[in-house]
Structures are given as structure tokens and as C-alpha cells.
Amino acid sequence: MKEVPKLFGSLVFNETVMKDRLPTAIYKSFQSAVRERRPLDLEMANVIANAMKDWALEHGATHFSHWFQPMTGITAEKHESFIAPTAEGCVIMDFSGKKLIQGEPDASSFPSGGLRATFEARGYTAWDPTSYAFIKDDCLCIPTAFCSYTGDVLDKKTPLLRSMSAVSKAACRVLKLLGVKTSMVVSTVGPEQEYFLVDKKMWEKRRDLKYTGRTLFGAKSPRGQELSDHYFGAIKPRVLAFMKELDEELWKLGVFAKTEHNEVAPAQHELAPIYTTTNVASDHNQLMMEFMKRIALRHGLVCLLHEKPFAGVNGSGKHNNWSLATAEGKNLLDPGKEPYKNTSFLLFLAAIIKAVDDYQDLLRISVASAGNDNRLGANEAPPAIVSIFLGTELTAVLESIAKGKPYVAGKSTYLKVSENTIPALEKDNTDRNRTSPFAFTGNKFEFRMPGSTFSIAGPNVILNTIVAEVLEEFADTIEKSKLSRNKAIYELVKKAYIKHKRIIFNGNGYTDEWVKEAEKRSLLNLKSTPEALPYMARAKNIALFEKHNIFSAAEVKSRMDILLENYSTILQIEASTMLEMLHKDILPAITGYNDELTIAALNKKGIGINAGFEAKLADKLSSIGAKIYAKAEKLEKALAKAEATKGAQAQATCYRNTVLTAMEDLRSSVDEAENMLGGKYLPYPTYGDLLFGVND
Ligand code: ADP
Ligand code: MG
């Protein structure tokens with residue numbers, strides 16, 4: 001067993017290393033600059049850069065890179081070596097403060113949604129000193145924000161940092177009114193990452209997995225997740241070896257990888273880290289996804305991060321556990337033993353309820369993608385309707401406030417496990433609800449809608465910003481109120497709850513009744529990305545982003561275009577992949593088997609034997625082959641129509657309404673044919689092979 005505390009953070013230029021290697025005065029002024037979000041002066045940057053370089057060289061690094069998160073949703077890096085020529089024709093290893101603080105990668109090939117013409121290719125990266133530099137592949141990676149020459153935001157980190165400032169400012173203001181002084185409030189996140197592991201040899205045989213990350217065809221396997229025996233089940237040795245290596249690699253990078261377990265679907269797993277500041281959690285989640293993919297390969301596995309790699313079994317999400325904490329570490333969403341007496345908690349809770357109701361559209365949009373559309377509303381996934389689960393006790397507390405009645409607390413309930421061997425367990429004051437998209441889970445909210453491939457930056461930008469907005473509104477109201485402070489807060493909580501309680505739903509979110517009920521409550525049900533995105537440009541949303549300095553109106557528009565174009569591109573690739581598989585793999589397989597059956601039938605007939613099943617099966621297969629071909633022609637036409645459609649919104653809508661439906665239609669017939677094919681004619685590994693393929 002390796003010594004974990006020694007391993008942990010060994011490749012990170014963290015607080016301990018800085019303290020050790022920087023002159024005390026520099027370390028102190030660096031820390032205060034970061035805390036107060038002041039720019040760093042060049043002199044200080046030079047000293048830090050030099051210390052960073054020495055440390056990196058000692059750890060085997062030869063290169064450095066500004067590490068950033070463009071709108072592709074993954075990270076980008078451009079390695080530069082530390083070498084600098086000397087007059088004698090040799091090299092020294094050099095790294096300056098200027099290079100640490102600012103970089104200039106060519107921005108022209110990253111998505112900008114029309115914000116930056118390609119001739120203005122210049123983009124800037126700026127060091128984000130709130131996230132530590134680290135070493136990956138012998139390269140010193142410096143977390144940075146990315147913007148264009150004209151200052152437009154081109155990445156996911158910048159708006160996240162801005163939203164964190166917005167919520168901190170607003171929360172501090174509210175806390176001050178409550179008599180609590182703190183220098184800042186941080187939003188904290190622990191993202192639980194779900195993923196699938198499949199055998200690499202099988203993965204290689206499927207064009208759909210290779211090109212799109214999900215299966216576009218595949219008949220249901222006789223066994224799926226019905227037995228519920230995979231969840232928390234014993235982990236297979238190969239998967240265990242993968243998880244162990246993953247943990248160790250992540251620990252070296254200072255990622256708090258904590259829990260690894262099997263998920264509900266066969267071949268599905270989860271990794272949850274210990275929560276941390278949102279910005280760092282977001283950087284770490286990117287590293288986590290990258291390392292999952294690369295370490296899987298070392299074990300002959302492929303990690304599928306797609307939201308819905310398999311139809312008919314659970315998809316993968318990224319549960320975003322979110323809370324707010326003061327600089328002193330007090331969790332503002334901790335209800336304590338007596339939530340009904342906890343004014344601060346109730347005020348923050350009411351703000352979140354109002355924010356989620358007022359900005360359902362933005363929360364929905366923050367999780368919209370072609371991949372996640374396959375998951376939201378499907379088996380075991382939260383529906384596309386945003387609602388909040390509060391649990392019985394908190395709902396009762398708010399109900400009594402609404403009715404102006406004192407809350408009578410029930411006795412703490414204890415779970416009796418056994419009469420006299422195991423001590424009784426105190427029950428949490430929130431029961432669990434796995435079907436809610438936004439669930440209160442004891443001392444944090446768990447936003448379950450984000451997809452497994454997502455950068456968590458997007459959903460957290462929205463969460464932080466909408467909560468900041470309502471907290472500011474609340475602070476205004478309290479300040480203006482003529483009532484006593486306590487009374488003013490009580491009235492505010494009461495009013496907010498009564499007005500926004502329609503968003504609270506404690507029942508089973510997976511039922512049709514809920515869909516009907518949500519409609520009655522006039523909650524939004526935006527089923528697909530093209531349906532959801534236009535809401536982003538509503539006046540109230542643009543005003544929100546502009547007020548909190550998150551995005552300008554032009555940046556909102558550019559982000560919408562990027563999301564829509566991405567949606568269309570993914571569907572275009574998926575449809576083309578289906579057609580390629582059809583012509584290269586599926587139709588030849590059908591013909592091959594059909595031939596064999598026909599020849600057998602003819603031969604039998606020739607010598608007077610009853611052709612039995614062969615003629616019948618050949619006939620069936622032949623008809624379904626014809627149906628498949630006709631459906632493929634329809635898909636080709638739909639694809640051509642979508643490709644020719646002008647305008648990002650119109651094109652995405654055409655893909656959704658025409659191409660996607662043609663894809664689904666084609667798939668149903670192909671899956672039917674797959675079930676009839678003889679084993680040696682199967683064109684690709686089946687669902688059974690993929691889901692139950694790792695047994696060693
Ligand atoms: P579950 O039973 O849903 O797995 P856990 O209690 O294990 O719930 O927590 C899940 C995630 O929530 C973990 O990543 C954990 O670190 C995170 N978490 C716990 N407290 C907070 C908090 N105050 N803020 C943000 N995330 C938190
Ligand atoms: Mg969870």
C-alpha cells in the first residue's frame with residue numbers, strides 16, 4: 001500500500017509547496033491578492049514563476065502550458081518547453097512571470113459563436129490563481145481563463161468565476177443584515193460522476209461507439225438491469241484495478257476522489273469526490289473525466305462518458321451537489337437540529353426556491369445537449385421538468401410559516417436496527433428521493449440533471465447567478481422594510497414560499513401523473529435542446545446576466561449559437577454513422593444470412609424435403625430488409641434537408657423533428673432484424689456482449 005497522504009497532491013503546486021518555496025513576504029502578498037481578487041504585479045509573478053519552474057523541473061517537467069476550458073466542453077492545452085537559448089548556443093530553462101500570467105494561444109479554431117471573426121484570431125489566456133498549477137504528462141499546467149482580443153468571454157471558467165463573485169457579494173450582503181460578518185461566501189460543489197466501462201476489443205467493432213460515444217443500434221439484451229444486482233455489487237477485478245489506478249493518479253493531482261461503486265446499470269460505475277470550491281471542483285472534474293478515459297485504456301477498457309450509451313438501461317448523469325459556505329466554513333444550507341428556528345437557513349432556502357422557480361428555463365438550458373436529451377425523461381433519469389424536493393419536515397416547516405402557525409416539531413425518529421446489538425440510528429430530516437431533479441439532501445442541494453459529459457461550469461454559473469439575483473432582491477426588501485428585522489425576514493420567507501411553492505414536488509418524478517400535474521402548475525417542460533434554447537434570450541435572462549456581469553447580450557447570443565450548432569453537428573454525425581453502419585455492416589449481414597437460408601431452402605426443396613423454417617425466416621428477413629432500406633432512404637432525405645436548412649435555430653429544430661425521428665424509426669427495424677440474425681452474421685457485438693463483457 002502506497003502512503004496516500006504523501007501521494008496526495010504530490011504533483012500540485014499547492015499551499016504547502018508555495019509556503020515552502022516562496023519568500024514569506026511574497027507568499028503573504030500573493031495570498032492577500034488572491035483573496036481580494038487583485039491583479040498580481042509582475043515582480044511578484046516573476047518570483048512565483050521561478051519557484052514554480054524549479055519545482056516543476058524537479059518533478060520531471062520539461063514543458064508548461066496554459067490549461068483552459070473553451071466552449072468545446074473539454075480542456076485545451078498548448079505545450080511550450082521551458083528552454084531559452086543562451087549566447088553560447090546552449091539552452092537554459094526559463095519561465096517568466098509574464099508567461100505565467102498571460103498566454104496568447106491562437107483562438108481561431110475554438111467555438112466562439114460568431115463573436116470573433118477568424119481573422120481576429122488572437123485569444124488570451126489569463127492565470128486563475130484560485131486553482132493550483134499541477135503537472136500532467138511532464139507538463140506544468142497552469143489553470144487559466146480564456147477570452148478574445150476584444151475581451152469577449154470564450155470559455156467556461158470566466159463566467160464561473162464571475163458567478164462565484166456575484167453570489168458571494170449577494171450572500172455577504174444578506175448575512176450582514178442577519179448580523180453575520182464574513183469576508184466572502186463560497187459556493188461548494190461535489191460532482192458525482194457516472195460512467196460506463198466496456199471491453200476495448202468490443203468497442204473497436206462498433207462504429208457508433210467510436211464515432212459518437214453511444215450505441216445507435218442494438219437490440220435489448222435478454223438481461224439488462226432488471227435484477228438490480230449491479231448497484232453497489234462486488235466490483236470485478238479488472239474494474240477494481242482500474243479504479244485503484246484512477247484514484248492514485250487523481251490523488252497525485254490533488255483531486256479528492258473518495259467513493260467508487262457500481263451503479264444501477266450493468267457496466268455502469270460512479271466516482272464521487274469530496275466537495276470543494278466550485279471553480280476547483282470544475283477543474284478537477286475535467287481532470288477526472290480525462291483520466292478515466294486514459295486509464296481505462298491501460299486496462300483494455302473504454303470509458304463511455306456519454307449520457308445514454310445504451311437504450312433501455314440507465315443513462316449517466318453528473319449529480320451536482322451544491323451549497324454555500326462562509327469564509328469560516330459555515331455551511332449556509334445546514335438546517336441544524338431545529339430548522340424552524342434557523343432564520344438564516346430559512347432565508348437562504350426561500351431564496352433558492354424562488355430562484356429555481358423564476359429561472360427554471362435557465363436551469364433546464366444549462367443541462368441541454370443532444371446527448372442529455374436522450375437521458376432526461378428516460379429510464380431512471382430526472383424528467384425535463386425542473387422541480388424541487390424538500391422532504392416532509394422542511395415542507396411542513398414552510399407550510400406552517402405560510403399558514404402563520406407555529407411549527408410543532410415531531411420527535412426525532414430513530415431507526416431500530418436490532419434490539420440490543422446495533423445502536424439505533426437517527427434518521428435524517430430529509431428522506432431520499434432519487435427521482436427529483438433538484439433535491440435537498442440534508443445540507444446541500446443535489447442538481448441531478450447535468451449530463452455525464454458536461455463541464456459542471458455551465459450549471460453552476462446558472463445556480464450561482466440566479467441565487468445571487470434573489471439574494472440581492474431579498475436584501476433590498478429587508479433593507480426597505482419598516483418591520484423589525486426578524487418580522488421582515490419571516491414575511492419575506494412566507495411570501496416567497498407561497499408564491500413559488502408550485503416548484504416543490506416531493507413525489508415520484510418519473511410518473512405520467514407528475515407530467516400532468518406539472519402542466520397544471522404551469523411549470524415548463526422543455527423536452528429537447530432546440531425547444532429549450534430560445535428561452536435563454538428572454539429579456540429577464542439577458543437582464544440577469546448583464547446585471548451580474550456574467551455575459552453581455554452578445555455573449556448570450558453566441559453561446560446559444562454554439563449550443564445549437566453543436567446539437568446539429570452531433571445529430572449530423574450520428575445520422576451519418578447510422579447510414580455507414582447500415583451499408584457497411586448491417587445490410588451485408590442481412591443479405592449473407594438470407595442467402596444461406598435461401599440456398600438451404602432451395603437445396604431442401606430440390607430433394608423434396610420440407611424447407612421448414614429456412615424459407616419462412618428468409619421471407620421475414622427479406623421483408624424487414626426492404627423496410628430497413630426504405631427507412632434509410634428516408635433518413636438520407638431528412639439529413640439532406642437538415643443540412644440545407646439555414647439558421648442555427650431552424651437547423652437544430654429540423655434535426656430534432658425530422659432527422660432524429662427518422663433515426664429512431666430506422667433503429668427499431670434494424671434491432672428487430674438483429675434479433676433474427678444467426679450468431680456468425682451479427683455485424684457488431686450485441687448489448688449483451690457489451691454490458692456483460694467484462695468478467696475478469
Ligand atoms: P450520496 O448518498 O448522494 O452519494 P453523499 O453524502 O455521499 O451523498 O455526498 C455526495 C456528494 O455531495 C459528495 O461529493 C460530497 O462531498 C458532496 N457534498 C457533501 N456536502 C456538501 C456541501 N456542503 N457542498 C457541496 N457538496 C457537498
Ligand atoms: Mg447522490
Side-chain angles (χ1 to χ4, degrees), residues 8 160 163-164 167-168 171 182 184-195 230-233 243 246-247 250-251 254-264 268-289 292 314 316-336 339 342 344-345 348-349 351-352 380-382 388-391 394 415 425-450 452 454 456-457 459-464 467 509:
F8 191 85
L160 182 61
S163 73
M164 288 169 70
V167 79
S168 174
T182 184
M184 66 172 177
V185 166
V186 284
S187 64
T188 52
V189 166
E192 300 167 60
Q193 175 75 47
E194 291 180 332
Y195 60 97
H230 192 254
Y231 191 52
F232 282 21
M243 287 178 172
L246 178 63
D247 278 344
L250 290 174
W251 289 339
V255 178
F256 305 100
K258 171 88 173 158
T259 1
E260 304 256 21
H261 63 79
N262 284 354
E263 259 302 327
V264 175
Q268 193 186 28
H269 312 277
E270 180 188 290
L271 171 56
I274 299 171
Y275 73 94
T276 178
T277 320
T278 311
N279 174 34
V280 174
S282 170
D283 284 358
H284 283 179
N285 184 253
Q286 291 289 343
L287 287 172
M288 191 184 276
M289 292 194 283
M292 279 178 170
N314 276 10
S316 297
K318 181 137 42 193
H319 295 176
N320 191 83
N321 294 274
W322 176 92
S323 190
L324 293 172
T326 64
E328 292 71 33
K330 181 181 155 42
N331 180 357
L332 296 171
L333 295 185
D334 185 352
N342 190 338
S344 155
F345 169 74
F348 278 91
L349 182 67
I352 293 167
E380 265 285 310
I388 300 181
F389 167 82
L390 280 187
L394 286 184
L415 283 177
L425 306 171
E426 192 173 355
K427 268 193 355 188
D428 273 348
N429 52 13
T430 52
D431 19 350
R432 295 219 159 222
N433 178 324
R434 292 270 165 216
T435 64
S436 174
F438 199 86
F440 187 73
T441 48
N443 58 3
K444 61 190 186 287
F445 273 100
E446 182 169 339
F447 185 29
R448 301 205 179 103
M449 292 172 97
S452 45
F454 272 64
I456 57 165
N460 286 297
V461 166
I462 301 301
L463 261 173
N464 291 338
V467 172

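Both ligands and their constituent atoms are indexed starting at 1 by order of listing.
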Exercise. Going by distance only, is there an N or O of T188 that falls short of 3.5 Å from an N or O of ligand 1?
Worked result: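 So ligand 1 has an N or O lying under 3.5 Å from an N or O of T188.
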Exercise. Do any nitrogen or oxygen atoms of Y275 lie less than 3.5 angstrom from nitrogen or oxygen atoms of ligand 1?
Worked result: yes
Which atoms from ligand 1 have a heavy atom of [X] less than 4.0 Å away?
| X | answer |
| --- | --- |
| I274 | 16 (O) |
| E446 | 3 (O) |
| P273 | 13 (C), 14 (O), 16 (O) |
| S323 | 22 (C), 23 (N), 24 (N) |
| G190 | 14 (O), 25 (C), 26 (N) |

Check whether [X] reaches the backbone of [Y] with its side chain - one donor and one acceptor, N or O, closer than 3.5 Å.
| X | Y | value |
| --- | --- | --- |
| S168 | V185 | yes |
| N331 | N443 | yes |
| N321 | G190 | yes |

Exercise. Once the angle between the rings of F445 and F440 is folded into 0 to 90°, is it parallel (under 30°), tilted (30 to 60°) or perpendicular (over 60°)?
Worked result: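 Ring orientation, 0 to 90° scale: perpendicular.
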Exercise. Quick one: do the T278 and N460 side chains pair a donor with an acceptor below 3.5 Å?
Worked result: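 Side-chain D/A pair, T278 to N460: absent.
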Exercise. Any side-chain donor paired with an acceptor under 3.5 Å for T259 and E270?
Worked result: no
Exercise. Does ligand 1 have a heavy atom under 4.0 Å from the side chain of N331, from its backbone, from both, or from neither?
Worked result: side chain
Problem set entry | ligand 1-proximal atoms of E192, by part, heavy-atom distance under 4.0 Å | side chain
Exercise. Is the distance between the ring centroids of F256 and Y275 less than 6.0 Å?
Worked result: no
Problem set entry | Options N321, T259, V189, ranked by nearest heavy atom to atom 12 (O) of ligand 1, top entry | N321
